[in-house]
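Counting begins at 1 with the first residue of the sequence.
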Amino acid sequence: MAEVEEKDTVIIGAGPGGYVAAIRAAELGQKVTVIEKDKNVGGVCLNVGCVPSKALIQAGHRLRHAEHSELYGISTGNISLDFDKLQEWKDTSVIQRMTNGVKMLLKKHKVEVIYGEAFLDNNNQLRVMDPGPRQFMDNGGGHTIKFNNLILATGSRPIEIKGFKFGGRIIDSTGLLNIKELPKDLVIVGGGYIGTELAGAFADLGSHVTILEGSSQIIPNFERSMVSIVEKHLKQKNITIVTNAMAKNAQDNGDSVDVTYEVDGKSYSIKSDYVMVSVGRKPNTDNFGLEMTDVKLTDRGLVETDEQGRTSVKNIFAVGDITAGPALAHKAFFQAKTAAGAIAGKKTANDYLGVPSVCFNDPEMASVGITETEAKEQKLDIKVGKFPFAGNARAVSVDSTDGFVKLISDKKTGTILGGQVVGPNASDLISELSLAVNCQLNEEDIALTIHPHPTLGEPIQEAADILIGYPTHI
């Protein structure tokens, strides 16, 4: 019988939730072991998701600006793109640098990292197997570990839909980010965060992109007033957007792919170099023995947790994409710290009201707390302060005037209930509004906060001035 090794806190998965939980747990005095089945730490986000996608988005912006600088009196010669060099930069200077940084942090905090696949035997024991295919499982095989506490941070994977089996020229977001050639024509099934972000990036790099979205608008999680601005910019990049489109089938021809879809019962077909499917992600709660424990799942396959991330088993916690709420890395960061603190006996708790959502389109969109639409649906008595970037000197000077900042406050108390930003640097600006929502700041707190001039943050103060009834630049 294999020897059983006893561990204090074990974490399955070294993605955003896993490695942050490991570091915080180690800081709180726990002896931590992380089990990771892939060759690199950092998870989907760092290796094949949000970080490399932002690298390509940035490259696309630079290429587009280089090609269209006449407004500033700048004339350029022939602009060319070396796609191989771009991918090399993304892989080595961005991904490798960041994964090496995470490895260094884990080592610094004396976190043990075991590379292999974890399989649970019961509420207190698991085995670590070498990654890769196997024909059967032997209950006595693998490296057996008995743990005091366990944090599940196994993440999620792309959903594969009928008629679009991944392989060849039918790819998911990981496949598109690692593509070896720039497509002349690209079809994207799914117009959510991932689909529209990558559509904009590849359009800037030179591809003609068609988005097929099943609902009535792209990026349906954001308000229409915000999405319409992004939609205008996508169309300016020559991106074709088809809404209410039901993707039916993809035929890989070897050198191209034919995509069939329906709109209002009528069938259409389009040929492209590749088709990427990004219709959502599935939680990784299967295939590692969770059924051998008493951990309860929802009907969507998510792990049921309390406000500290504790599952139905008191010594097992869950964080990240396998829990309810948006599949966002920064949500996983927050949950990870909460779970690690709970194991250490801290009175930590997850509060999702202040978790911002960000879409890195052109322009960017970000939202936190309640929206105007949600407030009206809930029949809340609110005030709305909205200031356009067109009235901001900094936005004018960088030629990025589309968009606005919107603040939602309680009409009686003035408490900030939510905020939305669509426009330049929205992903950075939303942090101030997240602080306001988390700390339940008053509209006057923001109005009396001196914002430097000229900056893109000033519209936040301007929107607050509108809320208190003393607008300055509108």
**Message:** Which label fits Tyr261 and Tyr268: parallel for a plane angle under 30°, tilted from 30 to 60°, or perpendicular past 60°?
**Reply:** parallel

**Prompt:** In chain order, what residues pass the side chain to side chain donor-acceptor pair (under 3.5 Å) check against Tyr193, with sequence neighbours excluded?
**Reply:** none

**Asked** Distance from Thr210 atom OG1 to Asp185 atom CG, nearest 0.5 Å?
**Response** 7.0 Å

**With sequence neighbours excluded, residues passing side chain to side chain donor-acceptor pair (under 3.5 Å) with Ser427** = Glu364

**Item:** Qualifying residue, where the test is side-chain hydrogen bond (donor to acceptor under 3.5 Å, both in side chains) with Glu231 and the options are Arg224, Gln236, Gln217
**Value:** Arg224

**Fill in**
Smallest heavy-atom separation, Ser173 atom then Arg281 atom, equals OG-NH1, 4.5 Å

**Fill in**
In short, Lys90 meets Ala55 closest at the heavy-atom pair CG-CB, 4.0 Å

**Prompt:** Partners of Thr401 by side chain to side chain donor-acceptor pair (under 3.5 Å), sequence neighbours excluded?
**Reply:** none

**Item:** Rounded distance (nearest 0.5 Å) linking atom OG1 of Thr298 with atom CD1 of Ile322
**Value:** 11.0 Å

**Request:** Could you please spell out the steps behind the side-chain contact (heavy atoms from CB on, under 4.5 Å) verdict for Phe387 and Glu458?
**Result:** CA-CA 10 Å; Phe387 189 85; Glu458 288 178 280; over 6 Å; no

**Fill in**
Nearest heavy-atom contact between Ala393 and Pro454 is CB-CB, 4.3 Å

**Item:** Rounded distance [0.5 Å steps], CG in Leu433 versus CD1 in Ile416
**Value:** 8.0 Å

**Request:** Answer with yes or no whether the side chains of Asp402 and His233 bring together a donor and an acceptor at under 3.5 Å.
**Result:** yes

**Request:** Taking all heavy atoms of Val358 and all of Ala366, pick out the closest pair and write down the distance.
**Result:** CG2-CB, 4.0 Å

**Complete:** side chain to side chain contact (heavy atoms under 4.5 Å, CB included) test vs Val111 passes for just one of Thr9, Val34, Thr33, Val41, namely Val34

**Request:** Kindly check if the number of other-residue, nucleotide or ligand heavy atoms within 6.0 Å of CD (Gln440) is above 12?
**Result:** no

**Prompt:** So, Asp91 and Arg97, do they make that salt bridge, N to O below 4.0 Å?
**Reply:** no

**Item:** Nearest non-hydrogen partners of Thr413 and Asn442, listed with the distance
**Value:** O-ND2, 2.8 Å

**Request:** Carefully, step by step, assess Asn284 and Asp321 under the rule side-chain contact (heavy atoms from CB on, under 4.5 Å).
**Result:** CA-CA 8 Å; Asn284 291 327; Asp321 290 4; over 6 Å; no

**Prompt:** Can you list the residues that meet the salt bridge (Lys or Arg N to Asp or Glu O under 4.0 Å) rule with Glu462, with sequence neighbours excluded?
**Reply:** none

**Asked** Does the pair Glu88/Lys85 count as a salt bridge with the N-to-O cut at 4.0 Å?
**Response** no

**Request:** Evaluate side-chain contact (heavy atoms from CB on, under 4.5 Å) for Ile460 paired with Ile446, printing each intermediate quantity in order.
**Result:** CA-CA 8 Å; Ile460 295 176; Ile446 297 179; 3.7 Å; yes

**Prompt:** If only atom types and distance count, is the side chain of Glu213 paired as donor or acceptor with the main-chain N or O of Ser215 below 3.5 Å?
**Reply:** yes

**Request:** Kindly write out the residues that satisfy salt bridge (Lys or Arg N to Asp or Glu O under 4.0 Å) with Glu197, not counting sequence neighbours, or none if the list is empty.
**Result:** Lys54

**Step-by-step side-chain contact (heavy atoms from CB on, under 4.5 Å) determination, Val275 to Val189** = CA-CA 7 Å; Val275 57; Val189 178; 3.8 Å; yes

**Request:** Would you confirm whether Asp38, through its side chain, and Asn40, through its main-chain N or O, come within 3.5 Å as a donor-acceptor pair?
**Result:** no

**Message:** Looking at every non-hydrogen atom in both residues, tell me the closest pair between Ile95 and Asn47 and how far apart they are.
**Reply:** CD1-O, 3.2 Å

**Lys237, NZ: over 12 other non-hydrogen atoms inside 6.0 angstrom** = yes

**Request:** Could you pull out all residues at least two apart from Lys406 that satisfy salt bridge (Lys or Arg N to Asp or Glu O under 4.0 Å)?
**Result:** Glu223, Glu372

**Request:** Considering only NZ, NE, NH1 and NH2 on the basic side and carboxylate oxygens on the acidic side, decide whether Arg64 and Asp204 come within less than 4.0 Å.
**Result:** yes

